[in-house]
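This is a predicted model, so every value here is computed, not measured. Numbers restart at 1 for each chain; the letters A, B, ... are given by sequence-line order, proteins then strands.
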Protein chains: 2
Amino acid sequence: MTKSSAGGTAATTASPAVRSGRGGRPRASSRRTLEDAAGELFLEQGYARTTIDQIAQRAGVGRNTFFNYFATKSDLLWLDVDDTLRALPEVLATVPAGLAPSAALREALLGLAVRHPHRGIPLALSQREAIGAEAEFRASGLERFLGVAAELGTFLAARSGRAPGDPLVRAASSAAVAALVSGAADWALTGVERGALADAVRDAVDPVCRGYALALDAAPAATR
Amino acid sequence: MTKSSAGGTAATTASPAVRSGRGGRPRASSRRTLEDAAGELFLEQGYARTTIDQIAQRAGVGRNTFFNYFATKSDLLWLDVDDTLRALPEVLATVPAGLAPSAALREALLGLAVRHPHRGIPLALSQREAIGAEAEFRASGLERFLGVAAELGTFLAARSGRAPGDPLVRAASSAAVAALVSGAADWALTGVERGALADAVRDAVDPVCRGYALALDAAPAATR
DNA sequence: CGAGTTTCGGTACTCAGTCCATAATGAGTC
DNA sequence: GACTCATTATGGACTGAGTACCGAAACTCG
């Protein structure tokens, strides 16, 4: 209630990606500048030893301007990922209607993976020795994880004709997202020779979808 | 690196549950007192509006003493859960050796569920309207989640004759733990008429184990 | 040129978590 | 009992993230 997670989606970014209403003072170049400054500083000093003041200062803006663009310091660790996650509703909408629930689930996750840019690997992972932000990275990750799982849950409920709160639906979406994340992390940690993200995700997610297919694709028990 | 997660296990509590070495000043009643004080205050004012100073003050101890028992304010939200998670290594050790990897995974998770006290439901869930700490609860949850997943991963690797970092193993343990958590959360949110935790967990976890059984129980590919 | 709207920047504040130095309280030893 | 050692309790001071508030820029629209 206090800080982020206002929207409900995974993305925590303070300001919308696109220019908001018309009129008003135009944004300076700030956002990109801040990202770059932060990246440099993280590499130089590590995440923990870098303060928001320093980032703002190097970017040549005031401290408050930082919070105008990012709700949290840890948002900087999820730059490209948040972009992809923001696209989830769009991805869900394009999943063909005829599919069985478990297949639709699979399709949705793969759609997300396909959309993600091949170079979009969080700094915290690609440079993790230098940055040393594993702990923060993890802690800030769950919010995103749960956001996706929840969104996927309502999608899955609709596709399977079940109630949104159905335990089976929730378990399936949680497990599937966990597999997705695990696969994506493995992919990100592989060197340059890594293949397509979608392949890694498929390997990780497929078993989950198969596992839940039996229960999920059957008609829901009328009551309960 | 900065704060918690030193041990590697899920439990973040600063001080060991049992009295450490012999000698030294005896602990005051503090720990339990702190827990109670925190519980009261959370119910009265909510989590966010309760400061550590207030908790310590009501418990009649100094502020630093609080950090002697808990590494983090959010640790207070996980009291009974952390106890159960701490028992994971023990649970893993008692999983029969003959089982197939996927069955062993199932057994381990159920063992954890069986061990958990029936009343041990985090305040943040049972009183969630009054406490309003969902966000904090979530954020502090991932650390525990990942701790269990990692521990389970090495267990699973050993049982299946695979490398500890094997993507399949990691995906399986992540997905299984996610299902476990999902099931446990549903169980916790059910009213008094809830049955055994183990039943809820079984329903959630079974499909995952079945899904990975095919790949996991087969002999690992020699190379790679 | 206003009027409205948005961003920018500074000051001041709260509070979690850390560090350090110092007492208090016991056990074990001689 | 006196002394040492280990452990816990406590107080003071500090860092840094996140919030709130206010006034000043900068731009659009009428």
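- Atom P of nucleotide D/dA9 and atom CZ of B/F66 are separated by 13 Å, given to the nearest angstrom.
- For the pair A/K73 (side chain) and A/T51 (backbone), a donor-acceptor distance under 3.5 Å is absent.
- Taking atom CG of B/L34 as the reference point, atom P of D/dT10 lies 10 Å away to the nearest angstrom.
- Each salt bridge (Lys or Arg N to Asp or Glu O under 4.0 Å) pair with one or both residues in residues 181-190 of chain A, not counting sequence neighbours, appears once here: A/D186-B/R170.
- Within the 3.5 Å criterion, the main-chain N or O of A/D75 finds no donor-acceptor partner in the side chain of A/T72.
- Residue side chain A/N64 reaches the base of C/dG10 through a donor-acceptor N/O pair under 3.5 Å, judged by distance alone.
- B/F137 and B/W78 have parallel rings, their planes meeting at less than 30° on a 0 to 90° scale where 60° marks the start of perpendicular.
- In this structure, B/S182 contributes its side chain and B/A178 its backbone to no donor-acceptor pair below 3.5 Å.
- Rounded to an integer number of Å, the gap from A/E136 CD to D/dG16 C1' is 12 Å.
- Atom CG in B/D53 sits about 14 Å away from atom C1' in D/dA13, given to the nearest Å.
- Taking 4.0 angstrom as the limit, B/Y69 places none of its side-chain polar atoms (N or O) nearer than this to OP1 or OP2 of D/dT8.
- Annotation: of the two residues near DNA chain D, B/R63 and A/I52, the 5′-most nearest-nucleotide partner is B/R63.
- Using a 4.0 Å heavy-atom criterion, one finds that B/T50 contacts the sugar-phosphate atoms exclusively.
- Proximity of B/S30 to the phosphate of D/dA9: a side-chain N or O atom is located under 4.0 Å from OP1 or OP2.
- Between the CZ atom of A/R49 and the P atom of D/dG16 there is a distance of 9 Å, given to the nearest Å.
- In this structure, B/T51 does not reach the C/dC15 phosphate: none of its side-chain N or O atoms is under 4.0 Å from OP1 or OP2.
- Checking D/dA17, D/dA26, C/dA24 against the side-chain heavy atoms of A/F67 singles out D/dA17 as nearest.
- One atom, CZ of B/F70, and another, P of C/dC15, lie 20 Å apart when rounded to the nearest Å.
- As a whole-Å value, the separation of B/N68 CG from D/dG11 P is 13 Å.
- When distances are taken from the side chain of B/K73 to each of D/dA9, D/dG18, C/dA16, the shortest belongs to C/dA16.
- The side chain of A/R25 contributes no N or O atom lying less than 4.0 Å from OP1 or OP2 of D/dA25.
- Per the geometry, CD belonging to A/Q54 stands 12 Å off C1' belonging to D/dT15, to the nearest Å.
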